[in-house]
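Everything numeric in this text was worked out from a predicted model, so none of it was measured.
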Amino acid sequence: DELRIGYQRSSTLMSVLRNNNSLEEKLAEQGVTIDWYEFTSGLPMLESLNVGNIDISADVADTVPIFAQAAGADLTFYASEAPSPAGQALIVLEDSDIETLEDLAGKRITVTRGAGNHYLLIAALESVGLTLDDVRVSYLPPADARAAFAQGNVDAWIAWEPFLSTSRATLETRTITDGSDGLASYTRYYLAATPYVEANPEVISTVYEALNEAGNWVNENPEEAAELLAPLWGNLDPDIVQTANLNRSYDVQPVTLEGLGEQQKIADAFFAADILPHAVDATDSPIWQPGE
Amino acid sequence: MSFSTYTETTTPVKESAASSARTALSSSKGGTHLHLKGVVKKFGELEVLKGIDLEIEKGQFIAIVGRSGCGKSTLLRLIAGLDRHNAGTLSADGHADLASTDIRLMFQDDRLLPWKSVIDNIGLGLKGDWKPRALRVLEEVGLSDKADVWPAKLSGGQRQRVALARALIHQPQLLLLDEPLGALDALTRIEMQRLIERLWQQHGFTVLLVTHDVQEAVQLADRVIVLEQGQIGMDKAVDLARPREQASADVSAIEGKVLKRVLGQ
Amino acid sequence: MSFSTYTETTTPVKESAASSARTALSSSKGGTHLHLKGVVKKFGELEVLKGIDLEIEKGQFIAIVGRSGCGKSTLLRLIAGLDRHNAGTLSADGHADLASTDIRLMFQDDRLLPWKSVIDNIGLGLKGDWKPRALRVLEEVGLSDKADVWPAKLSGGQRQRVALARALIHQPQLLLLDEPLGALDALTRIEMQRLIERLWQQHGFTVLLVTHDVQEAVQLADRVIVLEQGQIGMDKAVDLARPREQASADVSAIEGKVLKRVLGQ
Amino acid sequence: MSIASQRLASNRWADSALPWAVPIVLILLWQLAVSFGWISSRIMPAPLAVIEAGWRLTASGEIFYHLGVSFQRAALGFVIGGGIGLALGLISGLSHWGERLLDSTVQMIRNIPHLALVPLVILWFGIDETAKIFLVVLGTAFPIYLNTFHGIRNIDSNLMEMARSYGLSGWPLFTSVILPGAMSSILVGVRYSLGLMWLTLIVAETISASEGIGYLAMNAREFLQTDVVVLAIVLYALLGKLADEAARFLERRWLRWHPAYVKGD
Amino acid sequence: MSIASQRLASNRWADSALPWAVPIVLILLWQLAVSFGWISSRIMPAPLAVIEAGWRLTASGEIFYHLGVSFQRAALGFVIGGGIGLALGLISGLSHWGERLLDSTVQMIRNIPHLALVPLVILWFGIDETAKIFLVVLGTAFPIYLNTFHGIRNIDSNLMEMARSYGLSGWPLFTSVILPGAMSSILVGVRYSLGLMWLTLIVAETISASEGIGYLAMNAREFLQTDVVVLAIVLYALLGKLADEAARFLERRWLRWHPAYVKGD
Ligand SMILES: Nc1ncnc2c1ncn2[C@@H]1O[C@H](COP(=O)(O)OP(=O)(O)OP(=O)(O)O)[C@@H](O)[C@H]1O
Ligand SMILES: Nc1ncnc2c1ncn2[C@@H]1O[C@H](COP(=O)(O)OP(=O)(O)OP(=O)(O)O)[C@@H](O)[C@H]1O
Ligand SMILES: [Mg+2]
Ligand SMILES: [Mg+2]
């Protein structure tokens with residue numbers, strides 16, 4: 001049997017597993033081999049999961065599954081990482097006149113459409129009584145966003161790790177807010193094709209265990225992890241990688257119905273902002289629990 | 001049609017033309033019998049041919065003369081099946097379908113393929129081992145040293161001779177020549193006339209020759225036809241024995257008559 | 001050069017050619033004096049012109065005859081500055097720079113722009129109100145009904161006449177004609193010969209006419225030059241009064257001599 | 001005659017209907033495939049679902065808004081890019097030095113994917129309209145460059161020589177010979193450009209756009225709204241058809257003289 | 001003679017050096033701009049940094065690996081796509097029915113951005129090699145289609161007529177007339193295709209790739225490695241130059257007869 005795993009270079013735990021071969025070894029005992037599929041962004045990864053080109057995916061931000069659900073994709077949650085609210089933050093350049101969230105009114109802010117930071121922006125604006133209509137939003141992928149941000153084409157950027165730590169290290173920035181004030185918990189979810197989960201629960205179980213171990217290893221060996229990840233992430237300075245990892249929980253947990261409560265909030269916010277064409281029931285998708 | 005009979009001729013051009021008898025024609029399998037009845041051709045409003053009636057015997061050599069723009073090329077193109085006539089009937093050997101007849105038209109412009117050498121242009125459409133034959137025709141039109149040259153590097157008269165060679169090598173049953181010698185000097189012209197006459201005598205195909213040189217017409221043809229205002233203005237048989245003397249009184253007399261008609265006197 | 005003198009002629013072609021006197025030339029401002037010394041032209045290995053020495057007086061009418069491929073067109077192209085010679089000198093009115101001379105060459109092929117109507121082809125390169133003049137020349141070459149037709153719809157002889165009209169309308173100081181009448185019937189040919197002669201007499205430009213028709217050469221030219229193997233084989237002055245009778249004994253005598261030379265007898 | 005006109009009428013019918021045959025068959029197959037469940041409608045929407053999405057966006061006027069915005073960007077980029085391409089193509093085509101200097105550079109820049117260029121474009125032009133239009137300029141300039149270059153190179157050199165020797169140069173030479181001679185090739189370039197105009201726009205509209213058809217498509221893709229994705233594809237196809245009709249219109253208008261572009265069989 | 005050969009030598013030098021003049025000047029300006037701090041090296045790396053990145057990737061062999069993988073995809077896609085484009089172009093160009101049936105559809109499909117098509121391609125072909133090669137096929141087929149079509153249309157109809165009337169049809173007609181006649185245009189199509197080959201590959205390599213030059217570029221872009229992004233752009237430019245040289249080589253080889261493609265002034 002083959003297990004087709006989709007991952008991104010920025011998928012920390014999958015990258016760790018891919019590098020230390022531990023998942024391969026464990027699955028080999030079950031007679032399963034792995035095919036790794038690398039994607040340059042989360043979008044084509046879920047596309048592929050939806051049409052059945054891969055079986056399971058690495059982590060994606062909490063907002064992403066909602067769009068897949070809206071499109072009727074047949075996906076199952078099989079793991080999540082505990083919230084990392086500090087993993088994304090709204091930053092401005094040092095000399096910016098933006099001091100508080102209120103100052104954002106009328107300003108130009110860049111986020112990535114449908115990514116975790118998109119929701120953080122909505123939530124942050126809402127917390128001070130603003131909506132997306134009160135600011136000028138520029139939707140850009142992180143690479144373009146950083147160029148636009150550094151050039152001063154936009155006034156603020158909501159970056160996520162590892163781009164956040166990189167920017168903090170190389171540009172003079174200030175942080176206006178991150179998700180830690182209860183704005184957005186920034187949970188990352190692991191998804192799989194439902195038919196595959198139903199047919200191979202024991203494989204999912206093994207993957208879940210391995211991810212859990214990898215998370216623990218990263219948290220316990222930050223330096224080694226940074227050394228491992230730095231070359232994968234475009235030859236970043238290992239110190240920056242270490243800083244970035246500190247903002248992520250890497251605590252792999254089972255998905256719970258309560259945990260999906262925030263998902264519903266996100267879905268409703270996107271629907272209210274006209275970003276989703278119709279309302280979505282976030283709890284609609286099956287959840288795989290360890291021990292099943 | 002094979003070129004085999006051609007290969008038997010080893011005597012040089014001049015003598016051959018003089019010595020080969022008129023009887024050569026009868027021994028050959030002959031050309032096409034052509035019959036035109038009330039053929040009309042219009043280009044939009046312009047009626048170029050206004051009902052042409054013409055019957056041409058197998059193996060006859062016809063010369064067509066007429067003023068510039070009177071419809072000579074148009075007539076040849078109709079017979080060759082390259083244009084459609086608007087009224088009347090055309091038939092070859094009794095068949096209305098001219099496509100099945102073996103016809104070659106030497107166009108008024110040379111139409112050499114610029115991307116093929118002279119020799120390959122002559123070999124166009126030939127099958128089998130045509131190279132030696134092509135080289136021989138090329139020699140007969142006096143261009144054996146130009147075999148591997150691109151057409152763009154030829155002089156005007158040389159291009160015309162290559163086009164002539166290309167038409168002659170096929171030896172079709174019906175050969176249509178549209179001013180084949182217009183760009184040639186006097187001497188080359190006489191040589192080419194002799195070449196055409198000799199091949200015609202050997203193979204007995206039917207020839208329609210459009211020319212502006214009335215002397216040439218009388219010299220070569222069995223019948224000279226003058227096209228005038230879209231109709232046949234004169235149809236003059238030339239019943240002179242061959243080989244014909246270039247400046248004989250008989251030839252000059254007929255030439256004078258035809259020329260008078262052409263000059264509208 | 002303006003076309004104004006042209007407009008003064010209102011008499012029809014035939015009479016005008018007959019009545020205009022030789023003296024018209026002397027009153028005109030005259031053409032180019034041309035001087036060639038040891039002009040050599042090679043195409044790769046092929047030495048086409050092997051040292052041509054030629055001096056042409058202002059306003060002379062020169063005819064050049066010679067076998068196909070002997071280098072007539074090449075010579076005209078050198079004089080027109082379209083090709084470079086490999087050795088020797090060319091000069092016009094004493095200047096080595098031919099580019100500054102007012103020359104028009106009528107090419108052997110017609111070179112009409114397919115995307116311009118006949119009248120626009122004739123007007124090519126003219127400035128000001130050239131339409132009426134163009135229409136008048138077009139009438140003189142007998143094609144006034146074809147003014148707005150695309151060149152693709154003309155017969156071979158019609159195309160040649162349009163090219164002739166295009167060359168004549170410029171009335172340059174040096175007019176080079178490369179077989180301008182090769183595709184024309186006897187009558188049209190005579191008309192065009194008269195037209196060329198009349199214009200030459202009116203404007204007195206220098207003319208170099210390449211032709212295969214020796215009679216035409218003798219009829220029109222002050223001097224007939226025979227090109228042979230890349231050199232001038234014969235340079236025959238034709239000292240006959242104009243207008244010349246078509247079939248006069250004088251003309252025939254000279255014609256006979258030149259023809260003999262051309263035929264290599 | 002009546003048969004001919006009937007044939008013409010049926011031809012006209014076929015001419016306008018046939019081009020739609022293949023697309024319609026494809027759409028029917030697709031609807032069938034979805035209806036019979038060969039393809040899950042979850043991952044590939046049925047044509048009817050796409051029509052519904054189209055209807056929804058049309059009714060809300062959204063689609064026209066997006067099209068309008070894109071059209072403005074496209075048109076502006078095309079005009080600038082086409083102009084630059086034409087200018088560079090003329091320089092390269094007309095001067096050997098221009099070709100040496102420019103051609104390599106242009107060919108190199110042409111080969112850089114817009115997608116890879118986006119970060120640099122943002123650096124240079126920010127994230128507003130300028131950046132988007134710059135990308136369209138880049139995309140549309142090259143086809144016109146390449147085809148102008150090619151078209152000029154392939155102008156019959158005999159015609160160029162004629163025009164030059166008839167005193168044409170500069171602007172008159174350009175309008176009389178170069179432009180019409182290269183036109184059929186330039187129009188092929190225009191066809192490409194009109195297509196690429198929309199293609200580059202989709203990349204351009206990933207740069208911080210919130211309107212435009214490229215935005216519509218990429219936005220839908222991001223949110224896995226396959227019906228809108230397919231709708232956008234259909235829109236692009238129709239825009240392609242439109243651009244093609246525009247190019248055809250220009251061809252019919254500017255290439256009337258060209259036998260290959262005249263309607264009829 | 002010696003002057004001529006000197007001129008030739010200096011020409012040859014200029015011919016090979018000049019094309020690099022513009023790129024080198026651009027690079028120097030860029031280095032200066034970064035050195036003098038007009039552009040922050042934080043957001044735009046200096047040429048030296050790019051060279052360094054290139055050296056790093058070369059030393060580790062990585063770059064050759066990526067190039068190799070991409071090259072395989074590109075070549076396979078080009079061969080298939082070029083073949084399809086040629087075949088469809090021949091059908092459309094040679095048969096009026098073919099044009100009616102195919103041309104519109106092809107023009108519509110051509111206009112669909114690959115980026116928009118990716119979701120459907122994933123659906124049809126999965127995320128493995130097939131999908132990537134399919135996109136390259138799509139990208140390379142259309143330029144060759146369009147230029148083959150255009151090239152065939154623009155073959156001199158007189159030559160086609162001549163060839164047909166000389167008994168050519170089918171394969172011989174194709175190899176003797178159609179292919180060489182359309183070749184210069186087809187080669188322009190090949191130039192486009194060779195460029196688009198790399199362009200589509202970058203889109204194709206966003207579909208789950210972990211090797212290839214497109215992957216290298218997009219991956220670097222994602223991680224803000226501007227030096228590698230710029231390196232990739234330079235690589236694309238060089239590949240464009242290479243493709244162009246290949247096309248030129250074919251032009252020189254197959255268009256030897258064509259005056260415009262012969263070397264020398
Ligand atoms: N561009 C060229 N390259 C090579 N050879 C050439 C070129 N142009 C002409 N020639 C050769 O030079 C010779 C003279 O050519 P030219 O055109 O001057 O002849 P011509 O006297 O005008 O003949 P014609 O009466 O047939 O027109 C010919 O043998 C021809 O093959
Ligand atoms: N395709 C066409 N469309 C319209 N008119 C045409 C077309 N072809 C020829 N014509 C006209 O038909 C007439 C006869 O042309 P044709 O070519 O048969 O003349 P021709 O007798 O061969 O003349 P020439 O001796 O000058 O070659 C001319 O007036 C010409 O303008
Ligand atoms: Mg004719
Ligand atoms: Mg000549």
Side-chain angles (χ1 to χ4, degrees), chain C residues 1 73-74 76-84 98-128 130 134 148-154 159 162-178, chain D residues 86 89-90 93-96 147-190 247-265:
Chain C
M1 296 212 94
S73 300
T74 304
L76 290 203
R77 288 176 56 84
L78 289 185
I79 295 173
L82 299 176
D83 266 339
R84 290 224 219 121
L98 288 172
S100 63
T101 322
D102 181 24
I103 304 180
R104 284 295 173 272
L105 166 60
M106 177 185 164
F107 293 87
Q108 193 167 2
D109 44 344
D110 51 67
R111 302 204 182 176
L112 302 181
L113 297 176
W115 48 79
K116 280 191 182 284
S117 65
V118 164
I119 187 84
D120 288 337
N121 260 292
I122 292 178
L124 199 76
L126 294 180
K127 285 188 194 79
W130 52 265
D148 298 317
V149 165
W150 300 125
K153 303 201 160 178
L154 295 180
R159 293 170 68 88
V162 174
L164 178 63
R166 184 174 62 186
L168 291 180
I169 200 175
H170 283 266
Q171 305 195 344
Q173 287 182 273
L174 175 56
L175 182 63
L176 309 172
L177 300 170
D178 199 348
Chain D
L86 192 67
L90 290 174
L94 292 176
S95 111
H96 198 50
N147 278 67
T148 304
F149 183 25
H150 171 251
I152 290 176
R153 249 203 202 194
N154 279 269
I155 295 176
D156 186 344
S157 55
N158 283 340
L159 291 183
M160 283 289 278
E161 190 183 77
M162 182 278 295
R164 284 230 170 81
S165 92
Y166 272 71
L168 265 70
S169 63
W171 186 245
L173 183 71
F174 178 69
T175 53
S176 294
V177 186
I178 296 168
L179 200 61
M183 189 49 85
S184 100
S185 179
I186 293 178
L187 285 178
V188 172
V190 169
R248 259 168 217 272
F249 171 79
L250 293 180
E251 275 174 358
R252 272 201 297 272
R253 204 185 156 81
W254 288 340
L255 302 177
R256 260 170 309 159
W257 57 272
H258 200 307
Y261 292 92
V262 179
K263 267 260 155 131
D265 77 355

Heavy-atom pair with the smallest gap, counting every atom of [X] and [Y]:
X: D:Val177; Y: C:Trp115; answer: O-CZ2, 3.4 Å
X: C:Pro114; Y: D:Trp257; answer: O-CB, 3.4 Å
X: C:Asp109; Y: D:Asn158; answer: OD2-ND2, 3.9 Å

| field | Closest-packed option against chain C by number of heavy-atom pairs under 4.5 Å, given D:Gly167, D:Ala163, D:Pro180 | value |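 That would be D:Pro180.
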| message | Is it the case that over 12 heavy atoms from other parts of the model lie below 6.0 angstrom from the CH2 atom of C:Trp130? | response |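 Enclosed: over 12 neighbouring heavy atoms sit under 6.0 Å from CH2 of C:Trp130.
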| request: Sorted by first residue and then second, give each side chain to side chain donor-acceptor pair (under 3.5 Å) pair with at least one member in residues 159-182 of chain D; sequence neighbours left out. | output: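 Counting only pairs at least two positions apart or across chains, the side chain to side chain donor-acceptor pair (under 3.5 Å) contacts touching residues 159-182 of chain D are C:Arg77-D:Glu161, C:Arg111-D:Glu161.
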| query | Where does C:Leu112 contact chain D at under 4.5 Å (heavy atoms): side chain, backbone, both or neither? | reply |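 For C:Leu112, backbone heavy atoms alone lie under 4.5 Å from chain D.
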| C:Leu113 and D:Met162: CA distance, side-chain angles, deciding distance, side chain to side chain contact (heavy atoms under 4.5 Å, CB included) verdict | CA-CA 9 Å; C:Leu113 297 176; D:Met162 182 278 295; 3.9 Å; yes
